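So the structure is just underneath, and the comments pick up after that.
Keep in mind that what you see is a predicted model, and the values were worked out from it rather than measured.
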Amino acid sequence: QVQLVESGGGSVQAGGSLRLSCAASGYTERDYCMGWFRQAPGKEREGVAGIYTGGSTTYYADSVKGRFTISRDSAKSVLYLQMNSLKPEDTAMYYCAANLPPCTLVGGDFAYWGQGTQVTVSS
């Protein structure tokens, strides 16, 4: 089965940037939906961005549109989330997730999850 490992989190000041990485292993011949989710203490889990590995389709939450970019390096089996113009509201644990199509940004639809990487944005 698919295994996912996130990295790249850290602490930055508002307006700064971070790039999260998700290394994937255990892929089959199937194409997957890949997504980034986040959850802050006391708040609901939120879908941030998604991408379909079988094409170039991407999707973003309105709260991050224009600031975050999801991409992938198929040769290395790595998923990225470039986060620019970070805000304190972006502070959360960020998770990489994968599932078979159809693709959504609904966490309950995703079967495979990484352990998470912390992102903290100070004002």
Side-chain angles (χ1 to χ4, degrees):
Q1 62 179 20
V2 176
Q3 293 182 318
L4 307 171
V5 180
E6 303 96 331
S7 62
S11 298
V12 298
Q13 295 184 8
S17 298
L18 285 173
R19 189 180 74 165
L20 306 184
S21 300
C22 173
S25 62
Y27 274 95
T28 68
E29 296 179 353
R30 299 178 184 272
D31 289 313
Y32 283 85
C33 308
M34 303 291 298
W36 289 99
F37 295 80
R38 66 186 182 186
Q39 187 167 26
K43 295 187 177 181
E44 297 179 343
R45 180 175 57 192
E46 177 187 19
V48 176
I51 190 170
Y52 178 52
T53 63
S56 59
T57 302
T58 59
Y59 188 80
Y60 298 92
D62 289 340
S63 60
V64 306
K65 195 172 299 182
R67 299 188 297 119
F68 291 10
T69 303
I70 188 171
S71 63
R72 58 186 286 267
D73 184 335
S74 59
K76 296 182 178 181
S77 297
V78 177
L79 180 74
Y80 299 102
L81 183 67
Q82 179 66 47
M83 305 185 295
N84 298 325
S85 301
L86 283 162
K87 304 175 181 179
E89 305 94 276
D90 297 318
T91 296
M93 182 74 76
Y94 283 71
Y95 298 91
C96 175
N99 202 43
L100 295 175
C103 297
T104 70
L105 274 180
V106 178
D109 292 341
F110 285 74
Y112 305 103
W113 293 83
Q115 82 289 348
T117 185
Q118 295 180 351
V119 172
T120 302
V121 184
S122 60
S123 61

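Among residues at least two apart or in separate chains, disulfide (SG to SG under 2.5 Å) pairs with a member in residues 30-83 are C33-C103. Listed by first then second residue, pairs satisfying salt bridge (charged side-chain N to carboxylate O under 4.0 Å, His left out) with a partner in residues 51-71 read D62-K65, R67-D90, not counting sequence neighbours. For the ring-ring contact (aromatic ring centres under 6.0 Å, His included) condition, no pair includes a residue of residues 49-98, sequence neighbours left out.
A donor-acceptor contact shorter than 3.5 Å links the side chain of E6 to the backbone of G116.
The same ILVMFWY cluster, assembled from side-chain heavy atoms under 4.5 Å apart, contains both L100 and I51. One hydrophobic cluster, built from ILVMFWY side chains closer than 4.5 Å, cannot hold both V2 and F110; they sit in different ones. The cluster map of Ile, Leu, Val, Met, Phe, Trp and Tyr, joined by side-chain heavy atoms under 4.5 Å apart, puts V119 and L105 in different clusters. Hydrophobic clustering places Y112 together with L81 (ILVMFWY residues linked when any side-chain heavy atoms are closer than 4.5 Å, directly or through intermediates).
Heavy atoms only, all atoms of each residue included: L86 and V12 are closest at CD1-CG2, 3.5 Å. Contact between T117 and G9 at its shortest, heavy atoms only, is OG1-N, 3.1 Å. Residues S63 and E46 come closest through the heavy atom pair OG-OE2, 3.0 Å. Closest non-hydrogen pair, A14 versus S123, comes out as CB-CA, 4.3 Å.
For the atom pair CD (Q3) and SG (C22), the distance works out to 11.5 Å, reported to the nearest 0.5 Å. Annotation: the span from L20 atom CG to S7 atom OG amounts to 8.0 Å, rounded to 0.5 Å. Atom OG of S11 and atom CD of Q13 lie 10.5 Å apart (nearest 0.5 Å).
Ring geometry, W113 versus F37: the interplanar angle falls from 30° to 60°, so the pair is classed tilted.
Between R38 and V64 there is a side-chain heavy-atom pair separated by less than 4.5 Å.
Atom CD of E44 is surrounded by 12 or fewer heavy atoms from other residues, nucleotides or ligands within 6.0 Å.
For N84, the side chain to side chain donor-acceptor pair (under 3.5 Å) test picks out S17, Q82, with sequence neighbours left out. Residues meeting the side-chain contact (heavy atoms from CB on, under 4.5 Å) test with T53, sequence neighbours left out: D31, Y32, M34, R72. With sequence neighbours excluded, no residue forms a salt bridge (Lys or Arg N to Asp or Glu O under 4.0 Å) with E89.
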